Novice: 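So that we are looking at the same thing, I have put the structure below in structure tokens.
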Amino acid sequence: MNTEERNFATDAIREQYARTEYREHSVPLYLTSSFVFDDAEQARAMFADEISGNIYSRYSNPNTSEFIAKMCLLEGTEDGVPTASGMAAMFSSMIALLKMGDHVLACRSVFGSTHQILNTIFPKFGISHTYADISEPETWESKIQPNTKMIFVETPSNPALDIIDLEWLGKLANKHKLILNVDNCFATPYLQNPAKYGAHIVTHSATKFIDGQGRVIGGVILGTKELIKEIRFFTRHTGPTMSPFNAWVLSKSLETLAVRMDRHCENAMKLATYLETNPDVARVKYPFLPSHPQHALAKKQMRLGGGLVTFEIKGGLDQGRKFLNSLKMISHTPNLGDTRTIAIHPASTTHSKLSDDERAQVGIMPGLIRIAVGLEDVKDIIKDIEQAIESSRN
Ligand SMILES: *Cc1c(COP(=O)(O)O)cnc(C)c1O
């Protein structure tokens, strides 16, 4: 079968590492730190990069190679590197391509630890940054400096669920010859492929929807052959690489990504639609709700609306906390993209270190609740949220 004619779900299942002499149907787990050379000439040629092959599992391993080959196929990128965590992917994809004196233009609403990299770690190495707001695309071009080397964004943003126009951003990056790096964790390759719009690097926390079952930590860096070569040099010699076991788990997870995302999105849409009818809810945000300010853009670049819904409870901080204490089934934990529905109150947890002004800038109102909608029956998800809102009133 010509693989070019295959569709997403088929690729996610049928892209497989070559079968061994044992004729196994499912890909085996290769727990080995190194690989044996046939002879001295092969060892020399492999170390000289004249021939490819596994040498040592910090460089590559059949399981990590299989996982990354599948991710490349699903994102439409030439090459990739798996990493020990999403943050190892964010950090390595930036530091490997930047040097002292370079500048990064990033969206203000980046993931908390990415914020720490840009604000606290990079300045030690002479790498500066400027934040721009997703809701004000007209301000981005004027923030590009002569030393700007990379644009780093997340869309949909966390937790505001604002959308950045990837087609516009791809053109802006190319016009100024900048590397466009998109953290595609919230959308997954099933919902959105930033490389199609000109992103040179696509990064993921595989811990979230890619694993989808809250078991392992992992990350992925995908991109052009040329850039990945530099990043691979960095990860090979500094070691933030993925374990074969985690790669094996994540590759299995990809086999169900399409069906899981279909259900996450269907449940999220139903929950968002319900929340708009609840009198205690001031505002609901979900990219595929017609009330989302960028609904048309979301529909243009995303297959479905994603698994996250946010809403603002009218009673602010106090009612938000009571709501979380009143949940009976839904988990209160900072993860997302799990089979289990998860609720978090960003103002008192993930974004508590920001000032009120900074929180408002990234769209976090005191009563904002973020729901990472899981795969339980949506009737039970809605029932739990409804009773918790009811109990949070007094
Ligand atoms: C979780 C997350 C990360 C970090 O990933 P880890 O696997 O936890 O290191 C980065 N970006 C986004 C958008 C995330 O949600």
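This chain uses plain numbering: 1 for the first residue, then up along the sequence. Please read these numbers as outputs of a predicted model, since none were measured by experiment. Whatever order the structure lists them in is the order used to number ligands and atoms, beginning at 1.
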Novice: Any protein N/O atoms within less than 3.5 Å of an N/O atom in ligand 1? List the atom names and distances, or say none.
Specialist:
unit_1	atom_1	unit_2	atom_2	d
ligand 1	5 (O)	Ser205	OG	3.0
ligand 1	7 (O)	Gly86	N	2.9
ligand 1	7 (O)	Ser205	OG	2.8
ligand 1	7 (O)	Thr207	OG1	2.6
ligand 1	9 (O)	Gly86	N	3.0
ligand 1	9 (O)	Met87	N	2.9
ligand 1	11 (N)	Asp183	OD2	2.7
ligand 1	15 (O)	Lys208	NZ	2.7

Novice: Do Lys208's NZ or CZ and the ring of Phe186 fall within the cation-pi criteria of under 6.0 Å and 45°?
Specialist: no
Novice: Does Arg283 CZ have over 12 foreign heavy atoms under 6.0 Å away?
Specialist: no
Novice: Can you confirm if the NZ or CZ of Arg303 lies within 45° of the ring axis of Phe8 and under 6.0 Å from the centre of its six-membered ring?
Specialist: yes
Novice: Should we count CZ of Arg58 as having more than 12 external heavy atoms under 6.0 Å?
Specialist: yes
Novice: With Thr139, which residues qualify under side-chain hydrogen bond (donor to acceptor under 3.5 Å, both in side chains), at least two apart?
Specialist: none
Novice: Give a yes-or-no answer on whether the side chains of Asp183 and Thr203 include a donor-acceptor pair shorter than 3.5 Å.
Specialist: no
